[in-house]
Amino acid sequence: MSFPVTRPRRLRRTEAIRSLARETRLSTHGFIYPMFVCPGKNVRNPIVSMPGVAQQSVDTFLEECREVEQLGIPGIILFGIPEKKDATGTEAYAADGVVQRAIEAVRRAKLNLLVMTDVCLCEYTDHGHCGIVENGEVKNDPTLELLAAEALSHARAGADIIAPSDMMDGRVGAIRKALDGGGFQDIAIMSYAAKYCSGFYGPFRDAADSAPQFGDRRGYQMDPANAREALREVELDLAEGADMIMVKPALAYLDIIQRVREAFSVPIGAYNVSGEYTMVKAASANGWIEEKRIALEILTAIHRAGASIILTYHAKDAARWLKNG
Ligand code: PBG
C-alpha cells in the first residue's frame with residue numbers, strides 16, 4: 001500500500017502518538033559512569049580535554065559516587081592512576097592499590113552502585129603498554145598472570161563486574177580461572193571483546209596518563225577496517241567465560257554493535273569513549289551544536305544499534321536530562 005492510503009506522518013502528528021510508536025527508549029538504567037581515582041586526599045584534577053571529568057582521590061571520588069547513585073545511575077567503571085608506575089604495573093594488583101581502596105570505600109559507604117573495574121596494565125606501566133614488554137614487544141602469555149592477579153585483587157576488594165580491556169589473547173579464560181580459584185565464581189566478567197585501535201581514546205590517555213611511550217597498540221587492539229573479526233573476538237571471549245561483552249568505541253562502530261547483537265544473546269555494552277564525548281563538549285562550547293540534543297541522539301543511536309548497557313561520560317548529564325523529560 002502506498003500514498004495516499006499510507007501516510008507515515010500520521011504516527012508523527014503529536015508527541016503522544018510519537019511516544020506510542022517509539023521503538024527505542026533510552027534509559028538511565030543502562031548507564032555506567034567511568035571514573036578516575038588517584039592517590040592523595042581532597043584531590044580533584046580536572047581533565048582539560050574532558051570537561052566535567054576529573055582525577056579524584058578516594059574521598060572526593062566517594063562524594064561524586066553519592067551523586068551518581070542519587071541520579072539513579074546503576075553503576076560506575078573505575079580506572080586508577082597509581083602513585084608510581086613500573087615495568088610490570090605492580091600497583092595494578094596491589095591489595096592497597098588506588099582502585100582497590102576506591103572499591104572498598106564504595107562498599108563501606110554501602111552505596112547502591114555496581115562497581116565495574118577496568119582490568120588493564122597501561123595505566124600502571126612506565127612504558128604505557130597494556131602488557132609486559134620484552135625486547136620492545138608486548139608479550140601475551142606472561143601478561144595473563146598479571147591481569148588475573150589484578151582481577152582477583154579487584155574481586156577481593158569488592159568489585160561486582162570485572163572488565164578486561166587489554167586485548168591479550170586468552171585473558172578472559174585466565175581471569176575466570178583466577179576468580180573461580182579465589183572463590184569468586186559469582187563475579188561476572190564483561191570483556192572488552194571488540195576493542196578497536198582508535199584515535200578516539202586520545203583524551204582518555206590524558207585522564208589516565210596512559211599513552212604508550214613507544215609504538216602504538218596496533219599489535220593487540222583491532223584494526224578499524226575489520227568487522228567479521230569482531231564476531232570472532234566475541235565468540236572467543238564467550239567460550240572463555242565472558243558473561244557480557246563490550247564493543248568500543250561506540251559511535252563509529254554502530255555496525256559492529258548491530259552485528260554482535262544479531263549473532264549473540266548475551267548483554268552487550270558499548271563504550272561511548274572519551275573522544276566521542278570531547279567532540280560533543282568542544283563543539284557545544286563553541287555554540288556550534290546543542291549538547292543535550294546531540295548527546296541524547298548519540299546515546300539513543302547506540303541503544304538502537306543493540307547495546308543495552310552504555311558506558312558514557314555523559315551519564316550524569318543524560319540522567320538529569322531524561323529525568324526532566
Ligand atoms: C585501557 C583503556 C582505554 C580506554 C578504556 N580502557 C585506553 C586505551 O586502550 O588506550 C579508553 C576509554 C576512553 O577513551 O574513554 N586500556
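Every number for a ligand or one of its atoms is a count from 1 in the order of the listing.
Close N/O approach between Q221 and ligand 1 is found [any backbone or side-chain N/O within under 3.5 Å]. Annotation: E123 places no N or O atom under 3.5 Å from an N or O atom of ligand 1; distance criterion only.
Within the structure, the ring-ring contact (aromatic ring centres under 6.0 Å, His included) test picks out the following pairs touching residues 45-87 (sequence neighbours left out): F36-F79, F79-F204. Screening residues 20-49 for salt bridge (charged side-chain N to carboxylate O under 4.0 Å, His left out) gives E15-R22 as the qualifying pairs, with residues at least two apart or on separate chains.
Given atom 6 (N) of ligand 1, the protein heavy atom at minimum distance is D118 OD1, 3.2 Å. With hydrogens left out, the protein atom closest to atom 9 (O) of ligand 1 is K195 NZ, 2.7 Å, a heavy atom. At the top of the distance list for atom 1 (C) of ligand 1, counting protein heavy atoms only, stands S165 OG, 3.3 Å. Protein heavy atom at the shortest distance from atom 11 (C) of ligand 1 is K248 NZ, 2.9 Å. The shortest contact between atom 14 (O) of ligand 1 and any protein heavy atom is with S274 OG, 2.7 Å.
Distance check, rounded to the nearest 0.5 Å: CD1 of I256 to CG of L231 gives 7.5 Å.
In summary, the atoms of ligand 1 found under 4.0 Å from a heavy atom of C122, numbered by their order in the structure, are 1 (C), 16 (N). For ligand 1 and Y271, the ligand atoms under 4.0 Å from any heavy atom of the residue are 12 (C), 15 (O). Residue R205 approaches ligand 1 through these ligand atoms, each under 4.0 Å from one of its heavy atoms: 8 (C), 10 (O). Those atoms of ligand 1 that come under 4.0 Å of a heavy atom in F79, given as number and element, are 5 (C), 6 (N).
Of the N and O atoms on the side chains of H314 and E276, not one donor lies less than 3.5 Å from an acceptor on the other residue. There is a side-chain donor-acceptor pair under 3.5 Å between E64 and Y33.
Both cation-pi conditions hold for K195 and Y201: the charged atom is under 6.0 angstrom from the six-membered ring centre and inside a 45 degree cone around its axis.
The side-chain heavy atoms of H154 and I187, taken from C-beta on, include no pair separated by under 4.5 Å.
Taken together through direct or relayed side-chain contacts under 4.5 Å among Ile, Leu, Val, Met, Phe, Trp and Tyr, Y277 and M279 form part of one hydrophobic cluster.
For the residues F204, Y277, Y313, the heavy atom positioned nearest atom 15 (O) of ligand 1 is part of Y313.
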